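Data block below; observations after.
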Amino acid sequence: MTVREPVVVRAPAKINVHLGVGPLRGDGFHALHTVYLAVSLYDTVTVRPGEGLSLTVSGEGAGATTGPGQVPAGPTNLAWRAAELLADHAGVRPDAAMDVAKRIPVAAGLAGGSADAAATLVALDALWGTRAARADLLGLAAQLGSDVPFALTGGAALGTGRGEQVSPVLAGGRSHWVLGIAGEGLSTPAVYAELDRLRATGRVPDVTEPTPAEPVLAALRGGAAGELARSLINDLQPAALSLRPDLRRALRAAGDAGAAAAVVSGSGPTVAALASDEQAAVRLAAELAGVGVFRAVRAVTGPVPGARVVC
Ligand code: C5P
């Protein structure tokens with residue numbers, strides 16, 4: 001049954017507390033062992049009945065059409081593609097007016113576009129009354145992008161394959177982070193390509209498989225910030241630093257400001273700085289907002305749930 005009221009869904013940003021990147025596969029993707037953590041910074045997707053598809057985008061990155069850091073409001077937007085994919089899967093007409101309100105910075109390594117796609121799948125499944133099985137939604141999500149299944153499930157999860165195969169993992173408590181958004185966005189394919197180049201030229205060690213995630217999984221289970229701080233790994237970090245040397249300063253600034261640890265989030269350029277508790281995160285955010293290396297600073301906590309209907 002089709003719903004006549006607007007459906008509002010919010011979906012969280014993610015950080016990777018572990019990002020082990022294996023060799024380039026034949027299909028152009030890299031084998032991953034990653035540990036995703038959904039954090040309390042959300043995009044909101046609102047869908048209403050409409051004739052054909054339409055999309056408006058507001059907030060961070062809205063109004064532009066091309067390049068990293070900019071969000072298209074047309075068919076190339078991942079939310080639009082999510083709508084077409086679900087309509088096709090369910091055998092319904094793709095009729096909806098969609099609005100994406102962005103708070104997750106764009107091309108920042110926080111999977112904001114993936115959050116929008118996941119939120120759209122959940123919202124339109126409710127609007128159109130398609131009642132897709134969870135496994136089907138996860139399958140559609142995987143077709144849209146490697147990080148989209150995790151944006152559906154949220155929480156904390158191990159990602160394997162190219163990151164699209166997610167299994168929930170236990171987090172012993174909430175961790176507190178400050179996200180430092182550093183300058184212009186970075187393109188994910190460019191960062192992976194830079195890692196391949198650094199490995200081919202021997203500037204970073206080559207690998208035959210992704211770095212295992214066990215230490216960070218144990219730290220997450222234990223729930224102690226100190227142990228988590230010691231086990232953060234991001235194999236993409238050298239590549240992000242190679243493309244954006246100013247990120248070294250951003251990482252140093254986080255350490256100097258009292259972070260328990262700091263790591264580039266995903267393909268960057270966001271720096272995820274771990275705080276020992278909530279109060280420390282508030283202090284760290286205030287400090288980092290004042291140092292002049294970040295365009296924006298956000299204090300967040302995780303794990304939080306994945307894409308959910310809010311009204
Ligand atoms: O899956 P998604 O569309 O987010 O991937 C964007 C790009 O990032 C891919 O085209 C690929 O260049 C790179 N990528 C990769 N290995 C992964 C995930 C993404 O090389 N596991």
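Each ligand, and each atom within it, is numbered from 1 in the order the structure gives. Model, not experiment: these values are computed from the prediction. For this chain, numbers begin at 1 and follow the sequence in order. These numbers come from the heavy atoms of this one structure, side chains and all, not from hydrogens, waters or symmetry mates.
No hydrogens or angles considered: nothing links the side chains of Thr46 and Asp99 as a donor-acceptor pair under 3.5 Å. For the residue pair Arg10 and Thr44, no side-chain donor N or O sits within less than 3.5 Å of a side-chain acceptor on the partner.
Side-chain contact check for Val264 versus Leu236: every heavy-atom pair is 4.5 Å or farther apart. By the 4.5 Å heavy-atom criterion applied to side chains, Leu247 and Gln237 are not counted as neighbours. Using a 4.5 Å cut-off on side-chain heavy atoms (C-beta onward), Trp177 and Val17 make contact. Proximity of Arg81 to Thr120: side-chain heavy atoms (C-beta onward) are nowhere separated by under 4.5 Å.
Each of the following atoms of ligand 1 lies closer than 4.0 Å to a heavy atom of Arg162: 1 (O), 17 (C), 18 (C), 21 (N).
When only non-hydrogen protein atoms are considered, atom 16 (N) of ligand 1 lies nearest to His30 N, 2.8 Å. The protein atom (non-hydrogen) at minimum distance from atom 8 (O) of ligand 1 is Thr188 CG2, 3.5 Å. Of all protein heavy atoms, the one closest to atom 7 (C) of ligand 1 is Pro189 CG, 3.8 Å. When only non-hydrogen protein atoms are considered, atom 13 (C) of ligand 1 lies nearest to Tyr192 CD1, 3.5 Å. Here the heavy atom of the protein found nearest to atom 5 (O) of ligand 1 is Phe29 CE2, 3.8 Å. Counting protein heavy atoms only, atom 3 (O) of ligand 1 is closest to Gly145 CA, 4.1 Å. Gly28 O, 4.0 Å is the protein heavy atom nearest to atom 11 (C) of ligand 1.
The shortest heavy-atom distance from Asp147 to ligand 1 is not under 4.0 Å. Using a 4.0 Å heavy-atom cutoff, Gly163 is absent from the residues neighbouring ligand 1.
Remark: of the listed residues Thr211, Asp235, Thr160, Asn16, Asn16 is the sole one forming a side chain to side chain donor-acceptor pair (under 3.5 Å) with Thr34.
With distances taken over non-hydrogen atoms, the option nearest atom 1 (O) of ligand 1 out of Ser146, Ala142, Ser267 is Ser146.
By the 4.0 Å N-to-carboxylate-O rule, Glu194 lies close enough to Arg197 to be salt-bridged with it.
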